[in-house]
Amino acid sequence: MSTIYDKLNDKQKQAVFTTEGPLLLLAGAGSGKTGVLMHRIAYLINEKHIDPYNIMAITFTNKAAKEMKERITNLIGADGNFVWVMTFHSSCVRFLRRFIDKIGFDNNFTIYDSDDQRTLMKKIFKENNINSRVYKERAVLNIISSCKNELISPVEYMKSATDRYEKGAARIYEIYQSTLKKNNALDFDDLICRSVELFENCPDVLDYYQNRFRYIMVDEYQDTNTAQFKLIYLLAQKYKNICVVGDDDQSIYKFRGANIENILSFEDKFENVEVIKLEQNYRSTGNILDAANAVIKNNRGRKNKSLWTDGATGANIELRQFANADAEADFIIKDIKAKANDNFKDFAVLYRTNAQSRLLEERCVTLGVPYQLVGGVNFYQRKEIKDVLAYLKTIANGSDDIALLRIINVPKRGIGATTIAKVADYANENVISLYDAMTICENIGIGKAADKIKKFIAMIEEFRDKVAKKANIANMIEELLDKTGYIESLYDEGEIEGESRKENIEELVNKSVDYEDGELSLFLEEVSLVADIDRMDENADRITLMTLHGAKGLEFDTVYLAGMEEGLFPSAMSSITREDLEEERRLAYVGITRAKKNLILTSAKQRMINGETRYSLLSRFVNEIPRDLLDKHILDTEKKYTQRTYSYEEALPWENKAKPDNVKNTLSFGKQFKVERQKSLDYAVGDTVKHIKFGIGKVLEIVDGEKDFEVKVNFEKFGIKKMYAGFAKLIKI
DNA sequence: ACAGACACTCTTTTT
DNA sequence: GAGTGTCTGT
């Protein structure tokens, strides 16, 4: 008898059939982990007769969730719809919408995205006269986010604060939290940690969900942070049927709080953990896997494993170096155009920073190559979309000051800064929301402006009425645009600009059609949790342009890794500590393993970054790929794309016996990245040194490493850091 | 109240 | 280089 499990290899089968108790699935890139998860769910339902309602699968992106849902229903039919397949964030919204009143919030809360957070923080800075030369909004928000990821409350952070800067930040954190509460809003991180708070404080709620989710599966487990771990840990405590799938080599979100310890110490957190490794790769050619393995083996902090395939060796990896970023972009897009044969969807260009997309996009437009750009400015963060959403938020939640402030004078209706400041003062004094203050603005003494505000309020009230009467959302948005004259105001910035903004709004209106009449809150909620990757359409016949981070979990026949340059990739900011550099290397590993058949690495000697021209050397990650895997004959054909070609001796540092003069010259001016090993250091153990980011510290240890000196420094503010001397640029003081 | 001019910072990655 | 914030004149 043949079953759906026959196609699986032994390890995969073992993973599917191990349903009880904690299971750690270490799944390398392209090892078919999503398929295994799907079959596992099918097995639970069909063979173990588990109610689909009792199964939870958690992902990070809506796209992954959607894909999983589709695959489950394909595998087992309509029963699959009852499985809880959601992202961490949307799961938490579900929990909180239902129960957050138990921990003192209103169930009707709004969700702040990073833009809203910044606006709120700016407001807090202003109201509290915080010096934005000492405290940067972004920096404080980062601190707050890290705290939340680690489940540290403002009070706890205050206790642990060692210097005045941290104490001040702790105070701002406290104000930030209370303002959020006042606005009846939660930020992204709150969604997770308030859920944890809910479960910890309300055993009955926790018990309810524990019973519901008897089997839990977590995808991309290497990306979970402490708060997310705590969440699933709590949920899994009763039945302990938890299966986590991850790959420590693909952990690339440390900057966002992902805690690699979650995967490395899973076996300590749960008892009797079964560990299964999936190492057979079904995606890439042998050469590509060899390259990936060769690069990642330079990392020290990892579980040892290595990908293999019984498929073809495949083509060599191409390496091309260009004089500047324009030539690089030009080559890539022309190359795709020549190879594509109208199969554009098989091609992807991946890069480290969003800024790199501009040149590529321009080339696509001029050369007529269809493309889709993922990332950059998220659709839902575009000005016009945010404006419309702010109107809708104001209609849905009267306490959301941030939304109200955004649109109170957009389009211009003669309610200026002075007026708003007066109303805001009044609201603060009387501890009411800005909106409530506006409803009684005739008491405030703002003269004629009161009439304008009254008119605005009357309009919002009218729409609230419509929502209560279950108005159609799309119609309502159209009416809103009409009444406010918003569309016309867009054209003030120019015809073309206005047209594209109008199209975006139309897209938003189209999206709203999927929602039932009167379901405004639901619409707003889902819209605020959409990531850019979720909008990617794999079936459209276009090439894909996106960052390496965005590419995780995807695969393409042909992948271009653009900007393989020291300072850009690895980023200059991530080349300081070994941990950071290893995260960059994991990113390189992710990039390489996206390719199924062809991999092309490109770099530019000269590139404009932040308005200044920078010169850089080939990325060390290229050098880590064995020489015999790299294609050699490429440089002859390069002439037509660059003003000047470069020999291998120039392109590959390990062949640099005598460096040509011109290379030295270009490197001697502009901002450069000195990656050559320093002969000796002008500081020694015990010296006090200064670092550009970490400040003052004492040198504890200097190790003469393979490529560079590794220096261990104890910084006054940041503690002990290990760094490469060439990058750290420590100055003895 | 608001438009236009200048100055300043910045981005590495994002649910 | 772009986007944001601040200042100035109407």
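Within every chain, numbering begins at 1; the chains are lettered A, B, ... in the order of the sequence lines, protein sequences first and strands thereafter.
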Quiz item: For the base of B:dT15, is there a side-chain donor-acceptor partner from A:His89 under 3.5 Å away?
Solution: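 Result: at least one qualifying N/O pair found.
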As a test of reading the structure: which of [options] is closest to the side chain of [X], going by heavy atoms?
X	options	answer
A:Arg138	B:dT13, C:dG5, B:dT11	B:dT11
A:Arg352	B:dT14, B:dA1, B:dT13	B:dT13
A:Asn610	B:dA1, B:dT13, B:dC10	B:dC10

Please confirm whether [X] and [Y] have ring centers closer than 6.0 angstrom.
X	Y	answer
A:Phe621	A:Phe569	yes
A:Tyr560	A:Tyr351	no
A:Tyr253	A:Phe60	no

Quiz item: Quick one: is the NZ or CZ of A:Arg118 closer than 6.0 Å to the six-membered ring centre of A:Tyr112, and within 45° of its axis?
Solution: no
Self-check item: Is_stacked (A:Phe255, B:dT14) at 5.5 Å, 30 deg
Solution: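 It does not: the two rings, one from A:Phe255 and one from B:dT14, miss the stacking criterion.
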Quiz prompt | Between P of B:dA1 and CZ of A:Arg413, the distance in whole Å | solution = 14 Å
Exercise. Round to the nearest Å and state the distance from A:Arg614 atom CZ to B:dT12 atom C1'.
Key: 11 Å
Quiz item: Under 4.0 Å between a side-chain N/O of A:Thr419 and OP1 or OP2 of B:dA1, yes or no?
Solution: yes
Self-check item: B:dA1 phosphate, OP1 or OP2, under 4.0 Å from A:Lys452 side-chain N/O
Solution: no
Practice problem: Please measure how far the P atom in B:dT13 lies from the corresponding atom in C:dT4, and state the result in whole Å. | Solution: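 Taking atom P in both B:dT13 and C:dT4, they lie 15 Å apart.
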